[in-house]
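The structure under discussion appears below in the form of structure tokens.
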2 protein chains.
Amino acid sequence: MAGEKAHHERCEGHGHAHSPHSDVAAMIERARAFAAARKLPFTEMRARVLTVLAREQKPLTAYEITDRLSLPKKVQAVQVYRALDFLQEAGCVHRLASKASYFACDHEHHPGEAVVFMVCSHCGTVQEAPSDLVAQGLHGAAEHAGFKPAHPIVELEGECARCASNPL
Amino acid sequence: MAGEKAHHERCEGHGHAHSPHSDVAAMIERARAFAAARKLPFTEMRARVLTVLAREQKPLTAYEITDRLSLPKKVQAVQVYRALDFLQEAGCVHRLASKASYFACDHEHHPGEAVVFMVCSHCGTVQEAPSDLVAQGLHGAAEHAGFKPAHPIVELEGECARCASNPL
DNA sequence: ACGGTGGTGTAATACTATTACACTTCCCTG
DNA sequence: CAGGGAAGTGTAATAGTATTACACCACCGT
Ligand SMILES: [Zn+2]
Ligand SMILES: [Zn+2]
Ligand SMILES: [Zn+2]
Ligand SMILES: [Zn+2]
């Protein structure tokens, strides 16, 4: 009884102005595969949360997601947090520490990789970019301090190309 | 490298086991200089908050600071947040986004610099290390995306040298 | 049928951060 | 020396983010 939904919920036609995450279905599929690999159910709640994030281009807070899902029936924040935990482990969603919010990811990430989250302070969008240089820098700093690195968080606030060229 | 001076500072309240960042008095002096440069008062509240953080080795949450300052008289969290805002602008305190907590800094930071916060997941201590490589990597990623970078956050969770060599 | 693992729904609570307002202090200037 | 304004304080209330607890249910392997 795991989410049969998610199929007819496509943000299709033309989508938003720019649709980097246009393929919601593919992201759902990725999450479903992760679940299957672990013999865990890919439930409707998980699909609904991922769908909301995949359609949006900006990060959403857990409570914003909760609001969007609260029709027709009220959903509790804790349910959203549970789904977010799963989706983060699945690598389909990231948390933006600087904003305490969450966004969908359509990249594959590899261990040891360092990914830069570029957050536009004007429009709120996030772009991800892996950087070998950053990864090396982190590794070097850690080595120099005798520090055993585990999980990096790299966020860069600034202004995206779109906002820079597009006066409001 | 951070100063490893085993320096004993006098404590105006109760003493503390380990001796943290170099010198509380020097940090106070730095904050005072910043205030003077801007013709702003370096008030008692600001000094008290900075003193608490400078003595501690680990980041503290605003409410933990509030608790420590609430003797002999109860202090409100908002007062601590106000002081933290000032101290962050003065460059004497950083916020750790991944933990929503604050710690004292005894480095001078320069514009364009990228600083890595290495956070031990075992003992909670934070070490700072500037990294040119990380700065270059951030700059490169931004340039490639047409992104105008402003303020980076780089946090690395892991295990510090001390904890790695010191079994619980 | 049974027991165990994992998800759901609900309520309550903990933790983090901000807004509002009345009052004060200090400094500048007229 | 009065007046005004920028900045800080103390207090209360509130907004926003995240977790714990528990009863119940669904699925799976035995
Ligand atoms: Zn990603
Ligand atoms: Zn933008
Ligand atoms: Zn610093
Ligand atoms: Zn440690």
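In what follows, chains carry the letters A, B, and so on, assigned in the order in which the sequence lines appear, proteins first and then strands, with residues in each chain numbered from 1. We use all heavy atoms of the structure for the numbers below, so side chains are in, but hydrogens, waters and symmetry mates are not.
Which of D:dA18, C:dT16, D:dG8 sits closest to the side chain of B:Thr61 comes down to C:dT16. Each of C:dA17, D:dT11, C:dG6 was ranked by its minimum atom distance to the side chain of B:Ala62; first place goes to C:dA17. Of the listed nucleotides (C:dT8, C:dA17, D:dA7), C:dA17 has the atom at the smallest distance from the side chain of B:Tyr63. With C:dT10, C:dT8, D:dT9 as the candidates, the nucleotide lying closest to the side chain of A:Met45 is C:dT8. Among the nucleotides D:dG10, C:dT18, C:dG7, the one closest to any side-chain atom of B:Lys73 is D:dG10. Checking D:dA18, C:dA17, C:dA20 against the side-chain heavy atoms of B:Arg82 singles out C:dA20 as nearest.
Taking atom CD on A:Gln79 and atom P on C:dG9, their separation rounds to 5 Å, with Å as the unit. For the pair A:Arg46 CZ and C:dT8 C1', the interatomic distance rounds to 11 Å; values are reported in whole Å. Computed from coordinates, the B:Leu60 CG to C:dT16 P distance equals 11 Å when rounded to whole Å. Atom P of nucleotide C:dC28 and atom NZ of B:Lys39 are separated by 8 Å, given to the nearest angstrom. Taking atom CD of A:Gln76 as the reference point, atom P of D:dA21 lies 18 Å away to the nearest angstrom. B:Leu40 places its CG atom 10 Å from the C1' atom of D:dA6, with the value rounded to the nearest Å. Counting to the nearest Å, the P atom of C:dT18 and the CG atom of B:Leu84 are 10 Å from each other. Rounded to whole Å, atom P of D:dT17 lies 11 Å from atom CD1 of A:Ile65.
Remark: B:Tyr81 is not in phosphate contact with D:dG10, judged by side-chain N or O atoms under 4.0 Å from OP1 or OP2. The side chain of A:Arg95 places no N or O atom within less than 4.0 Å of a non-bridging phosphate oxygen (OP1 or OP2) of D:dT17. One finds no side-chain N or O of B:Thr43 lying less than 4.0 angstrom from the OP1 or OP2 phosphate oxygen of D:dG8. Residue A:Lys99 places none of its side-chain N or O atoms closer than 4.0 Å to OP1 or OP2 of C:dA17.
Using a 4.0 Å heavy-atom criterion, one finds that B:Phe42 contacts no nucleic acid atom at all. Using a 4.0 Å heavy-atom distance criterion, B:Phe86 is classed as making no nucleic acid contact.
Summary of the strand contacts: A:Val78 and B:Pro41 both lie near DNA chain D, and taking for each the nucleotide with the nearest heavy atom, the more 5' one is attributed to B:Pro41.
A distance-only check finds a donor-acceptor pair linking the side chain of B:Arg46 to the backbone of B:Pro41 [under 3.5 Å].
Note that NE2 of A:His107 and CD of A:Glu128 are 5.0 Å apart. Values are rounded to the nearest 0.5 Å.
Residue A:Asp85 places its CG atom among more than 12 non-hydrogen atoms of other residues, nucleotides or ligands, all under 6.0 Å distant. Atom CD of A:Gln88 has more than 12 neighbouring heavy atoms from other residues, nucleotides or ligands inside a 6.0 Å radius.
Put simply, the residue from A:Leu138, A:Val134, A:Leu156, A:Ile153 that forms a side-chain contact (heavy atoms from CB on, under 4.5 Å) with B:Val154 is A:Leu138.
Side-chain contact between A:Met27 and A:Cys92 is absent, with no heavy-atom pair separated by less than 4.5 Å.
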